Protein chains: 4
Amino acid sequence: MMSIAPDRKLTSRGQERRDELVRYAVTRFAERGYHPTSVAEIVDGIGVGKGVFYWYFSSKEDLLREILREGLLRIRRHQQAAIRNEPNPLRRIENGVRASLEWLSDNTEVMRLVDFAWTEDTFASDLRRGRAISIEDTAKHLRDAMDQGLIAPGDAVTMATAIRGITEEVSRLHADTDADPSTIPADDVVRMVLTGIAG
Amino acid sequence: MMSIAPDRKLTSRGQERRDELVRYAVTRFAERGYHPTSVAEIVDGIGVGKGVFYWYFSSKEDLLREILREGLLRIRRHQQAAIRNEPNPLRRIENGVRASLEWLSDNTEVMRLVDFAWTEDTFASDLRRGRAISIEDTAKHLRDAMDQGLIAPGDAVTMATAIRGITEEVSRLHADTDADPSTIPADDVVRMVLTGIAG
Amino acid sequence: MMSIAPDRKLTSRGQERRDELVRYAVTRFAERGYHPTSVAEIVDGIGVGKGVFYWYFSSKEDLLREILREGLLRIRRHQQAAIRNEPNPLRRIENGVRASLEWLSDNTEVMRLVDFAWTEDTFASDLRRGRAISIEDTAKHLRDAMDQGLIAPGDAVTMATAIRGITEEVSRLHADTDADPSTIPADDVVRMVLTGIAG
Amino acid sequence: MMSIAPDRKLTSRGQERRDELVRYAVTRFAERGYHPTSVAEIVDGIGVGKGVFYWYFSSKEDLLREILREGLLRIRRHQQAAIRNEPNPLRRIENGVRASLEWLSDNTEVMRLVDFAWTEDTFASDLRRGRAISIEDTAKHLRDAMDQGLIAPGDAVTMATAIRGITEEVSRLHADTDADPSTIPADDVVRMVLTGIAG
DNA sequence: AATGAATGAGACTTCATTCAT
DNA sequence: TATGAATGAAGTCTCATTCAT
């Protein structure tokens, strides 16, 4: 009931505890699913009392939201760092795709949690806006490329969605079959994306 | 815990009841999520007692498995009907994509349930085999196309995965933003797929 | 979360169960207090599972509200039955006081629960209206008596409040010291009330 | 569980802190109820850590007992100061009633806490003795008055209880409907009490 | 086939209290 | 004295499932 102030100052020990909870929960949620994983399982797993959980999170739902929020923030940052200062729109798309593949293959657990969150209305609404922004980001590069005559004209939003779909599905398959992030077939994906949008 | 014989003969009224349960459950599961939807909610929703549910399904989990099984069976049939007798491998791929887009836009709820099922290990194992088969189906057409010199050589499995990703992500976005299945930008998708794999 | 329809039809067995729960809870609540009495204690006390409680009541709070509602309804009915058809306003007051003393000494447990409910804002608001009505009922008789010159004029609401206070406090003391309802000093109370208001 | 020595000397700053805790707790307990008010809420409300609470009180229960003890002590003192040196027993009763009304209207929150305490056996036993003494005090004056022929003979204990009931109920109603202590209808109450006992 | 009452494990959460710092 | 992190028993409530009718 008493919600936790989102900007509450934590001691460094407190911050570590919180991170430990998040880390462990992400693993468990991804492994067995959000609902099948109980708060008891999480606190037992790191050997603390139940109260600790509620000292750092106001509810199990709040924990997932935090995980999603932080995860989506990080992937966005990762993408933008890869794109910054790249003048060629096709290169920006390529770099974005590579950054996504990298990040997703390093954070397969978060990806799985996002996939779950899409399946419950409680969480999905939080994700819609993020998706719209992400697709619009890519669509902008596509329109730039069309304007510059680099690719044939077409429906930028559908293309951006397709790119997103390619990136995520390849990451999903890879996550399920191969633990090594370095073996992601990024070049193949990039080639397909770039020829696919060439038109 | 007595399990229900999967091939048990049902009277036509019984079959209708069962379908009614499935239909209503699919809607609710897709809307609010599998776990947040209780068996009580389902039976209340169609105005029957709890016993009815357990007459037709041995458990809530069993119901979801049935939904998934029937759903995946149907989409596979739909795709194969669209491909049958088509000698050109690229046309087979195109027809398969179009069939998937059609089916998914007509069955967005099942799609959402499949997405959920991927997030829990209990169900995910059932899906892995299906995905492998589905990707291998497409990969076979791709290899045929490569052999016939219709497209450049490349990693057929990654390409097939990409095609699957495009198809599903476009369907997801469309399901969330546009209720009308006829407005799926199938031509755009097909163009991107075909040029994307052209190499 | 799913609240119980207040007009839900119960089988006669169901009604008995519900009554059993109410009866036992009233006893326990009165004995040890509302909060110190857990739902587990109640269901264990009558030897049923926890779910039974929530089949009949949507929450522990709901149970208390029901107890209060039914209790206050009954005392009101009891009073009004005692007053009906009595033309003399002083007799109406006397009969009302006697009826209250009777009912309270037969229902000391409910009285204690009402006293508790006054101490928490969640419940108190429900009680204010009831008190206002009850006092106004008595005040009306007092004004009638003043109009008819039976008693000296005065502040009818304060008088009615005083009568209420006398009745309840005598009942409280009696409940704590003497289990036998027949020994309530009703005549003494009535005499004090009647001379007190005479002015 | 180390209990706090009840007569422990506190620095003046310590005494202030303790008073601050008591004051704030009384307000919250009266407003929302004893159980719904957590220790965390109290210490947060005055901006100190949890340790502070347990420095001054050995438990939440101990805090309530202290509040009750101090409150009942004060009202008794207030009444006795009002009665001292008054030779006429009826005047003593009148003065006692006026003193009670005054004190209760100035300390409505404590009154509510006492009402709560009556509803849990843990606390009620502490209150029984106090009530018995208080009623016996008044009964003594009544017997004096009877002996002196000032009022008709009657059951002094019931009368004293009635007086207590009047006083408290008028205070309760006033506390809930009118914040201004000066508007208590003390004269009306006194008149009713005096004529009521006259017989 | 169907009902709806019953079960009870187990989920989430609260909170009085303790304790290292 | 004081803090705030930690404890863990205990509380309320949910819900898949069973079963007498």
Side-chain angles (χ1 to χ4, degrees), chain A residues 1-2 8-11 13-14 16-18 35-43 47-61, chain B residues 1-2 10-11 13-14 17 35-44 47-63, chain C residues 1-2 8-11 13-14 16-18 35-44 47-62, chain D residues 1-2 10-11 13-14 17 35-44 47-63:
Chain A
M1 183 78 60
M2 199 181 303
R8 190 152 115 275
K9 272 277 170 274
L10 295 175
T11 64
R13 178 150 165 264
E16 259 174 58
R17 251 300 137 76
R18 204 195 107 111
H35 288 290
T37 303
S38 69
V39 172
E41 190 179 335
I42 295 169
V43 294
V48 296
K50 245 177 239 173
V52 168
F53 185 95
Y54 291 92
W55 180 257
Y56 294 103
F57 305 99
S58 63
S59 68
K60 189 183 165 186
E61 188 178 322
Chain B
M1 184 57 78
M2 192 193 328
L10 294 174
T11 65
R13 175 147 164 272
R17 253 296 141 78
H35 288 290
T37 303
S38 67
V39 172
E41 190 179 333
I42 295 169
V43 295
D44 287 356
V48 297
K50 285 233 183 81
V52 170
F53 185 94
Y54 288 92
W55 180 258
Y56 293 105
F57 305 98
S58 65
S59 68
K60 189 184 166 187
E61 189 177 322
D62 177 47
L63 165 60
Chain C
M1 182 80 59
M2 197 180 305
R8 191 152 114 277
K9 272 276 172 275
L10 295 175
T11 64
R13 177 149 164 264
E16 257 174 58
R17 251 298 137 76
R18 204 196 108 112
H35 288 290
T37 303
S38 69
V39 171
E41 190 178 335
I42 295 168
V43 294
D44 287 356
V48 295
K50 239 173 248 178
V52 169
F53 185 95
Y54 292 93
W55 181 259
Y56 294 103
F57 306 98
S58 64
S59 67
K60 189 182 163 187
E61 190 178 321
D62 177 47
Chain D
M1 184 59 79
M2 191 194 328
L10 295 174
T11 65
R13 176 147 165 272
R17 253 297 141 77
H35 287 290
T37 302
S38 67
V39 172
E41 190 178 334
I42 295 168
V43 295
D44 287 357
V48 296
K50 285 233 184 81
V52 171
F53 185 94
Y54 289 92
W55 181 258
Y56 294 105
F57 305 99
S58 64
S59 69
K60 187 184 167 187
E61 189 177 323
D62 177 48
L63 165 61

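Note that this is a predicted model, so its numbers are computed, not measured. In what follows, chains are A, B, ... by sequence order, proteins preceding strands, each numbered from 1.
- Going from atom CZ of C/R18 over to atom C1' of E/dA6 covers 17 Å, rounded to whole Å.
- For the OP1/OP2 pair of F/dA6 and a distance below 4.0 Å, the side-chain nitrogens and oxygens of A/R17 include at least one atom meeting the criterion.
- Residue A/F53 contributes atom CZ, which lies 19 Å from atom P of F/dA9 at whole-angstrom precision.
- Atom CD of C/E41 sits in a crowded spot, with more than 12 heavy atoms from other residues, nucleotides or ligands closer than 6.0 Å.
- Residue D/D44 contributes atom CG, which lies 14 Å from atom P of E/dT14 at whole-angstrom precision.
- For the OP1/OP2 pair of E/dA2 and a distance below 4.0 Å, the side-chain nitrogens and oxygens of B/R13 include at least one atom meeting the criterion.
- For D/G49 and A/G47, each mapped to the nucleotide of DNA chain F holding its nearest heavy atom, the one lying further toward the 5' end belongs to D/G49.
- In this model, the phosphate group of E/dT17 is approached by a side-chain N or O of D/Y54 to a distance below 4.0 Å at OP1 or OP2.
- Side-chain nitrogen and oxygen atoms of C/T37 include none within less than 4.0 Å of the OP1 or OP2 phosphate oxygen of F/dG11.
- Annotation for D/V39 and D/F53: closest pair CG1-CG, 3.8 Å, computed over non-hydrogen atoms.
- Counting non-hydrogen atoms under 4.0 angstrom, A/F57 reaches nothing in the nucleic acid.
- As rounded to whole Å, 12 Å separates atom C1' of E/dC12 from atom CD of A/E61.
- B/S38 has its side chain out of reach of B/K60: every pair of non-hydrogen atoms, C-beta onward, lies at least 4.5 Å apart.
- Distance NZ/C/K50 to CG/C/D44: 8.0 Å, rounded to 0.5 Å.
- Taking atom P in both F/dT21 and E/dA1, one finds a spacing of 23 Å when rounded to whole Å.
- Separating the CD1 atom of D/I42 from the P atom of E/dT17 is a distance of 11 Å, rounded to the nearest angstrom.
- For C/H35 and A/L10, each mapped to the nucleotide of DNA chain F holding its nearest heavy atom, the one lying further toward the 5' end belongs to A/L10.
- Residue C/Y56 has no polar side-chain atom (N or O) positioned under 4.0 Å from OP1 or OP2 of E/dA5.
- Here C/V39 lies in heavy-atom contact (under 4.0 Å) with sugar-phosphate atoms only.
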message: Evaluate A/R18 against A/W55 for side chain to side chain contact (heavy atoms under 4.5 Å, CB included), listing each step before the verdict.
response: CA-CA 9 Å; A/R18 204 195 107 111; A/W55 180 257; over 6 Å; no
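- When the nearest nucleotides of DNA chain E are assigned to B/G51 and A/A40 by heavy-atom distance, the more 5′-ward of the two goes with B/G51.
- When Watson-Crick and G-U wobble pairs are counted only if both distances are under 3.5 Å, E/dA1 pairs with no nucleotide at all.
- Other residues, nucleotides and ligands place no more than 12 heavy atoms under 6.0 Å from the CD atom of C/E16.
- Within 4.0 Å (heavy atoms only), C/G14 reaches no atom of the nucleic acid at all.
- To the nearest angstrom, P of F/dC13 lies 19 Å from NZ of A/K60.
- E/dT14 is paired with F/dA9 under the Watson-Crick or G-U wobble criterion, all donor-acceptor distances under 3.5 Å.
- Across every strand in view, E/dA20 sits in a pair with F/dT3 that passes the Watson-Crick or G-U test at under 3.5 angstrom.
- Nearest to the side chain of D/S38, among F/dT7, E/dA16, F/dT12, sits E/dA16.
- Under 3.5 Å, the side chain of B/K50 and the base of F/dT17 form at least one donor-acceptor pair of N or O atoms.
- Contact annotation: B/W55 side-chain N/O to E/dA2 OP1/OP2 distance is not under 4.0 Å.
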